[in-house]
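Read through the structure below, which is laid out as structure tokens, and then see the notes.
Excluded from the calculations below are hydrogen atoms, water molecules and symmetry mates; all remaining heavy atoms, backbone and side chain alike, are included.
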There are 2 protein chains.
Amino acid sequence: MAHTNTEHEVLAVVFQVRQGEAPGARRKPALHVLLWQRALDPERGKWSLPGGRLGADEDLTSSVRRQLAEKVDLRQVAHLEQLAVFSAPDRVPGPRTIASTFLGLVPSPATPELPPDTRWHPVSDLPPMAFDHGPMVEHAHNRLVAKLSYTNIGFALAPGEFALSTLRDIYSAALGHPVDATNLQRVLERRHVITRTGTTARSGRSGGRPAALYRFADSRYRVTDEFAALRPPG
Amino acid sequence: MAHTNTEHEVLAVVFQVRQGEAPGARRKPALHVLLWQRALDPERGKWSLPGGRLGADEDLTSSVRRQLAEKVDLRQVAHLEQLAVFSAPDRVPGPRTIASTFLGLVPSPATPELPPDTRWHPVSDLPPMAFDHGPMVEHAHNRLVAKLSYTNIGFALAPGEFALSTLRDIYSAALGHPVDATNLQRVLERRHVITRTGTTARSGRSGGRPAALYRFADSRYRVTDEFAALRPPG
DNA sequence: GCAAAAGTGTTGAGCTTACACCCATGT
DNA sequence: ACATGGGTGTAAGCTCAACACTTTTGC
């Protein structure tokens with residue numbers, strides 16, 4: 001059995017919940033993914049996940065962090081975890097390259113500076129994707145949905161302090177279905193995932209009761225309830 | 001950034017539920033993992049997962065299948081899926097080697113021929129393991145436990161036809177806690193994971209009502225209920 | 001008849017969604 | 001006052017664990 005040298009690359013699927021950019025319309029926040037547009041062949045003009053070749057003395061995680069630093073302020077990336085490996089021999093042209101994919105999460109209010117070729121795209125409406133990067137996004141999204149149920153991973157999408165309605169919007173965007181703020185509160189409080197700060201937000205210009213502010217109890221990834229579920233309505 | 005060539009290996013954590021080998025005692029089936037003992041340094045005498053270097057024209061899955069064929073009859077491996085990548089630069093001596101790990105499952109009654117250096121070890125009592133193979137087994141076990149709840153993955157551990165008490169023993173061994181046969185039946189039947197064959201087994205020598213036989217409806221991996229849970233007692 | 005093993009019925013607990021109702025604030 | 005958004009209480013449903021009880025066999 002011949003062993004040619006294989007390249008190894010890492011690719012990151014970085015998500016953030018952001019307001020849509022429709023100016024007039026009522027903009028609901030939606031889940032977005034960070035992509036850059038290829039200026040050169042192959043697959044010129046199509047959109048790619050950030051990443052690149054693995055360095056000699058790096059493990060995968062260090063490599064992702066290094067490569068992401070070229071696109072976003074790393075301090076904004078609150079969570080990073082390994083996903084699947086894509087290894088089809090012909091998945092990219094040129095030397096045989098194995099790709100390890102990662103899931104990255106950026107909290108909501110942050111708006112990192114982006115290079116000119118790089119943009120946030122709504123996950124529900126992806127542009128033409130290079131190579132096998134489309135399925136990678138899908139895979140990452142599935143993982144995110146699953147982990148929102150049974151871990152505290154929401155901390156990596158939410159601001160430091162937030163009203164419950166804000167958190168509901170974030171969960172709703174990430175899960176892809178409506179979420180009841182009432183129940184979200186009880187579920188997350190019972191598991192001690194979120195706690196009240198004691199302070200309240202000010203009401204908007206149209207009035208309304210001021211919202212109590214919450215924060216995530218832990219800002220480190222934790223499995224909170226192995227058997228929990230946030231089910232879609234109906 | 002220098003890019004040295006990195007090797008890539010695949011390693012398989014292959015599980016089977018087997019009777020313990022205590023001769024006199026009441027032998028309860030337990031979850032076992034397939035290991036081979038290293039005859040040469042490094043880590044001579046310690047136990048390793050089956051696997052080896054990735055070939056030039058293989059994707060990861062083909063490579064695992066090829067390498068496993070040296071240890072067990074491949075037709076016995078009813079399920080194979082990707083797990084995590086281990087990439088610490090110094091995880092093994094010599095050239096930098098990245099390991100992709102896999103979970104493999106072998107149905108219960110099969111007893112494949114094994115090479116002389118290869119044996120089944122109970123997961124609850126592992127021998128000294130080479131390199132980072134110990135944590136790999138643990139990771140695979142966690143994945144198996146999780147998937148038994150919300151997928152039909154049990155088909156890959158169970159015989160083609162089986163009594164419910166047999167299935168209970170298998171689930172119990174794999175999950176690591178007692179399982180009630182009554183409830184297992186209802187849970188798996190409601191989800192159409194198992195169906196009755198219509199036939200029954202003969203009673204043992206000590207009498208008892210003959211058991212109805214079941215089979216898995218699908219012998220292909222399937223997510224049966226995203227939010228299901230088989231909880232430990234208590 | 002009696003022990004052993006399998007299968008059924010029933011209860012109760014836990015968690016979740018759904019929704020009606022009450023509270024606090026701005027104009 | 002009233003509209004607006006936030007928060008609480010409560011009911012109903014689903015799923016699962018627990019366990020007593022019935023059925024069917026061998027000796």
Side-chain angles (χ1 to χ4, degrees), chain A residues 26 28-29 145 148-150 161-172 175 177-214 224-234, chain B residues 26 28 145-146 148-150 154 161-172 175-214 224-234:
Chain A
R26 176 86 177 82
K28 300 244 169 176
V145 167
L148 279 173
S149 271
Y150 65 89
E161 300 196 348
F162 48 85
L164 242 106
S165 54
T166 307
L167 192 64
R168 162 174 49 77
D169 289 343
I170 291 172
Y171 271 69
S172 178
L175 290 170
H177 63 74
V179 172
D180 183 316
T182 297
N183 300 324
L184 188 64
Q185 177 206 10
R186 283 195 279 241
V187 167
L188 297 183
E189 264 190 330
R190 173 158 30 87
R191 298 181 199 153
H192 305 109
V193 174
I194 60 174
T195 51
R196 312 180 89 110
T197 64
T199 55
T200 57
R202 259 197 300 282
S203 311
R205 38 220 142 292
S206 53
R209 178 172 170 173
L213 292 179
Y214 290 78
T224 53
D225 179 352
E226 205 179 343
F227 299 116
L230 293 171
R231 293 194 182 74
Chain B
R26 177 82 177 85
K28 300 244 169 177
V145 167
L148 279 173
S149 271
Y150 65 89
E161 299 197 348
F162 47 85
L164 238 97
S165 55
T166 307
L167 192 65
R168 163 174 47 77
D169 289 342
I170 290 172
Y171 270 70
S172 179
L175 290 170
H177 63 73
V179 172
D180 183 315
T182 297
N183 299 325
L184 188 64
Q185 177 205 10
R186 283 195 278 241
V187 167
L188 297 184
E189 265 191 327
R190 174 158 29 86
R191 296 182 201 154
H192 305 108
V193 174
I194 59 175
T195 51
R196 311 179 90 110
T197 64
T199 57
T200 57
R202 260 196 300 283
S203 312
R205 39 221 140 289
S206 55
R209 176 172 172 173
L213 292 180
Y214 289 78
T224 54
D225 180 352
E226 205 178 344
F227 299 116
L230 293 172
R231 292 194 183 74

*Under 3.5 Å: donor-acceptor pair, side chain of T197(B), backbone of Y214(B)*: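 Checked: no pair found.
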_Walk me through whether V187(B) and R190(B) qualify under side-chain contact (heavy atoms from CB on, under 4.5 Å)._
CA-CA 5 Å; V187(B) 167; R190(B) 174 158 29 86; 4.3 Å; yes
*Find which nucleotide of DNA chain D each of V187(B) and Y214(A) is nearest to by heavy atoms, and output the residue with the more 5' nucleotide.*
Y214(A)
*Taking the nucleotide of DNA chain D with the closest heavy atom to each, which residue, N183(B) or A212(A), is nearer the 5' end?*
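Result: A212(A).
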Could you state the atom-to-atom distance from [atom1] of [X] to [atom2] of [N] in whole Å?
X: F227(B); N: dT16(C); atom1: CZ; atom2: P; result: 11 Å
X: L188(A); N: dC15(C); atom1: CG; atom2: C1'; result: 14 Å
X: L213(B); N: dA5(C); atom1: CG; atom2: P; result: 17 Å
X: F162(A); N: dG7(D); atom1: CZ; atom2: P; result: 12 Å
X: R202(B); N: dT24(D); atom1: CZ; atom2: C1'; result: 16 Å
X: R231(A); N: dC15(C); atom1: CZ; atom2: P; result: 12 Å
X: D180(B); N: dG12(C); atom1: CG; atom2: P; result: 18 Å
X: L230(A); N: dA18(C); atom1: CG; atom2: P; result: 12 Å

*For dG7(C), does either OP1 or OP2 sit under 4.0 Å from a side-chain N or O belonging to T182(B)?*
no
*Any side-chain N or O of Q185(B) under 4.0 Å from OP1/OP2 of dA6(C)?*
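No, because none of the side-chain N or O atoms of Q185(B) sits under 4.0 Å from OP1 or OP2 of dA6(C).
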I'd like to check [X] versus [Y] (side-chain heavy atoms, cut-off strictly below 4.5 Å). Are they in contact?
X: Y171(B); Y: L184(B); value: yes
X: L164(A); Y: R168(A); value: no
X: R231(B); Y: E226(A); value: no

_Need one value for A229(B): base, sugar-phosphate or nothing, where a base atom within 4.0 Å counts as base even if backbone is also close, heavy atoms only._
sugar-phosphate
*Among D169(A), L213(A), I194(A), I170(A), whose side-chain contact (heavy atoms from CB on, under 4.5 Å) with F162(A) holds?*
I194(A)
*Any N or O donor-acceptor pair linking the side chain of R191(A) to the base of dT16(C) at under 3.5 Å?*
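No pair found.
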*Has the side chain of R186(A) got a donor or acceptor that lies under 3.5 Å from a partner of the other kind on the base of dG9(D)?*
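When only heavy-atom distances are counted, R186(A) does reach the base of dG9(D) through a donor-acceptor pair under 3.5 Å.
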*Between CG of N183(B) and CG of L188(B), what distance do you get to the nearest 0.5 Å?*
10.5 Å
*Return the nearest nucleotide to the side chain of A211(B); candidates are dT25(D), dG6(D), dA6(C).*
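Comparing dT25(D), dG6(D), dA6(C) against the side chain of A211(B), the answer is dA6(C).
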*Where the side chain of P210(B) is concerned, which of dT8(C), dT25(D), dA24(C) is the nearest nucleotide?*
dT25(D)
Interface polar pairs with nucleotides 1-4 of chain C, N/O, under 3.5 angstrom:
from: dA4(C); atom 1: N3; to: G208(B); atom 2: N; distance (Å): 3.4

